[in-house]
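First listed ligand is number 1; within each ligand, the first listed atom is number 1. These values consider heavy atoms only, across backbone and side chains, with no hydrogens, waters or symmetry-generated copies.
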Amino acid sequence: MKEIRVAIIGTGAISNRHMKVWENIPQVQVVAAAEIDQKRLDNWSLRYGVKDVYTDFRKMLERDDIDAVDVCVHNNLHAPICMAVMKAGKHCYCEKPMSASYFDSKLMYDCAKKCNVKFAVQISSLFTEQTRTARRLIEEGQLGEIYHARSVIANYRRRPSMDGPFNGGTPDFMRAAMAGRGQIIDTGIYHLGQMLYLLGLPELKCVFGKSYHKIASSVPGRAVEVEDMCVGLAEFEHGFTLDIQEANACNADVPPMSYITGNKGGLIYWNIDEVGGDWSMGQGPAKLMPEHMRHGMRFTGECQGIHVDCDLKTYYNQMQNRCYNPDMMTWYDNQMHWYKYLIDELTEETRYHTPEIALQASLLADGIFLSQQEGRSVTAEEIKEKSQSLAIWHQETPWGIFDYDSQI
Ligand SMILES: NC(=O)c1ccc[n+]([C@@H]2O[C@H](COP(=O)([O-])OP(=O)(O)OC[C@H]3O[C@@H](n4cnc5c(N)ncnc54)[C@H](O)[C@@H]3O)[C@@H](O)[C@H]2O)c1
């Protein structure tokens, strides 16, 4: 199968999970990396044996022997760096979230189209048997007419870099200048992205919402600059509604549990993938995720005239499929999916349109903040019109100021 030469930008925490996945795809060679922190770059280069390293990614992009770039920097650098990658004519894979605002996500989306490159955004919750089975049941009409859905997670204390045992992330997650927003675009994208995909990417009509920033920092001397909770009620075309609760710190502890209800049946699903998939967690085909992480789903409703309430072991099906058909990794891993898209095994029709899904999730998230600002429900047109860039277009680095071009 065709070889692809990939470069990485940003060799921080998430790049290590991406590397675990690349190691499972022998046709992908990671040939170069760029990072502004010299010490981190040197350690990373030693760890993975990648010798061609750069402190200025723009020099790396000048090479013509790099096919594609995996962007692993923090949120507010996604738009500037992905756009530079795409304008250099390289295919681009972006870690989630696409960006912190609809405005920036739209720039990225349009840039990919204009540069005619293959662009994907990491949304691992799509790449599970839970999502495949739910989509199949919906397409087969098992739920009937869908009229409401709920996307909910309320964690007591689970802020990255703050609340043990989830404090592994960098403090940038809590900084407005770098993260842009909090939970709604952090693990929220996994819940919203999956929900929007399952519902067939319906057109948003309007949103009413509020964000809260109420729970004190748990690290002395370090501020929390982004929201800890968002709630919202969105209406889509055909009057269908979705209510959203996303909290990474609040005084309730409810595991992620989304549901979709139709007039014939409904699906409740839990343990939505928020970690980047099995490979990124080092899970081989014969190794099950710990119980509390196994994706689950329940169908409730009528099936062939009988009222049922039954659990679907989607995670076991995923493991079975992986054991007996390794090709299924195309549908169980983000990076494998992108690779298959790069080598033309997936087309625009067959691939998951992750940039489109992430763009619609950005619209919804921005709507919550705009609604709060206006004190009323806001329409999709207003959100598009009023959304602003939160990205970093002038970055101070140890190597001088990096100026990014915001024109597509
Ligand atoms: N999927 C998950 O569960 C998960 C977990 C952690 C992080 N993330 C996402 O991954 C992204 C990165 O987070 P992280 O925790 O790896 O952050 P990090 O700070 O550990 O890594 C980012 C790296 O980018 C480098 N960088 C900044 N500007 C650069 C530039 N101009 N050129 C090259 N390198 C540059 C930084 O020096 C840093 O080393 C975030 O968007 C975050 O949301 C996802």
(message) When you measure from the centre of the six-membered ring of Y269, is the NZ or CZ of R298 closer than 6.0 Å and no more than 45° off the axis?
(response) no
By number and element, which atoms of ligand 1 are closer than 4.0 Å to a non-hydrogen atom of [X]?
{"X": "L77", "answer": "27 (C), 28 (N)"}
{"X": "I81", "answer": "30 (C), 31 (N)"}
{"X": "H78", "answer": "41 (O)"}
{"X": "E274", "answer": "3 (O)"}
{"X": "Q122", "answer": "1 (N)"}
{"X": "Y404", "answer": "31 (N)"}

Quick one: look at [X] and ligand 1, take heavy-atom pairs under 4.0 Å, and tell me if it's side chain, backbone, both or neither.
{"X": "C72", "result": "backbone"}
{"X": "E35", "result": "both"}
{"X": "A34", "result": "backbone"}
{"X": "Y190", "result": "side chain"}

Specify the protein heavy atom at minimum distance from [atom]: its residue, its atom name, and the distance to 0.1 Å.
{"atom": "atom 13 (O) of ligand 1", "value": "H74 CD2, 3.5 Å"}
{"atom": "atom 7 (C) of ligand 1", "value": "F173 CZ, 3.4 Å"}
{"atom": "atom 18 (P) of ligand 1", "value": "T170 CG2, 3.4 Å"}
{"atom": "atom 38 (C) of ligand 1", "value": "R40 NH1, 3.1 Å"}
{"atom": "atom 43 (O) of ligand 1", "value": "K96 NZ, 3.0 Å"}
{"atom": "atom 20 (O) of ligand 1", "value": "A13 N, 3.0 Å"}
{"atom": "atom 44 (C) of ligand 1", "value": "E95 OE2, 3.0 Å"}
{"atom": "atom 28 (N) of ligand 1", "value": "Q395 NE2, 2.9 Å"}

(message) Tell me every residue that passes side chain to side chain donor-acceptor pair (under 3.5 Å) with Y315, counting only those two or more places apart in sequence or in another chain.
(response)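 Once residues adjacent in sequence are excluded, the partners of Y315 under the side chain to side chain donor-acceptor pair (under 3.5 Å) criterion are D278.
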Main-chain N/O of [Y] paired with [X] side-chain donor or acceptor, under 3.5 Å:
{"X": "H91", "Y": "K118", "result": "yes"}
{"X": "H148", "Y": "T241", "result": "yes"}
{"X": "S101", "Y": "Q388", "result": "yes"}

Can you tell me if [X] contacts ligand 1 (heavy atom of the residue under 4.0 Å from the ligand)?
{"X": "G169", "result": "no"}
{"X": "T397", "result": "no"}
{"X": "G276", "result": "no"}
{"X": "P97", "result": "yes"}
{"X": "W399", "result": "no"}

(request) Give a yes or no on this: more than 12 heavy atoms of other residues, nucleotides or ligands lie within 6.0 Å of atom OH of Y316. (result) yes
Would you tell me which option among [options] has the nearest heavy-atom contact to [atom]?
{"atom": "atom 41 (O) of ligand 1", "options": "T187, I189, N75", "value": "N75"}
{"atom": "atom 12 (C) of ligand 1", "options": "V73, D56, N16", "value": "V73"}
{"atom": "atom 32 (N) of ligand 1", "options": "I14, T55, I36, D172", "value": "I36"}

(request) Verify whether the ring centers belonging to Y93 and W338 lie closer than 6.0 Å. (result) yes
(request) With S211 as reference, evaluate R181, Q372, E246, Q183 under the side-chain hydrogen bond (donor to acceptor under 3.5 Å, both in side chains) test and give the passing residue. (result)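 Single pass found, and it is Q372.
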(message) With side-chain hydrogen bond (donor to acceptor under 3.5 Å, both in side chains) as the test, pick out the partner of Q130 among R135, Q194, R294.
(response)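 Of the listed residues R135, Q194, R294, the side-chain hydrogen bond (donor to acceptor under 3.5 Å, both in side chains) partner of Q130 is Q194.
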(message) Working note: Y352 + Y197, criterion ring-ring contact (aromatic ring centres under 6.0 Å, His included); need CA distance, chi angles, decisive distance, verdict.
(response) CA-CA 9 Å; Y352 285 134; Y197 168 73; 5.1 Å; yes
(request) Take R5 and D65 through the test salt bridge (Lys or Arg N to Asp or Glu O under 4.0 Å) and record every step on the way to the result. (result) CA-CA 7 Å; R5 291 166 66 83; D65 63 342; 3.1 Å; yes
(request) Report the C-alpha distance between R376 and E382 in whole Å, list the side-chain angles of each, state the deciding distance to 0.1 Å, and finish with yes or no for salt bridge (Lys or Arg N to Asp or Glu O under 4.0 Å). (result) CA-CA 12 Å; R376 59 177 171 81; E382 283 178 281; 2.7 Å; yes
(message) Which residues pass the ring-ring contact (aromatic ring centres under 6.0 Å, His included) test with F119, not counting sequence neighbours?
(response) none
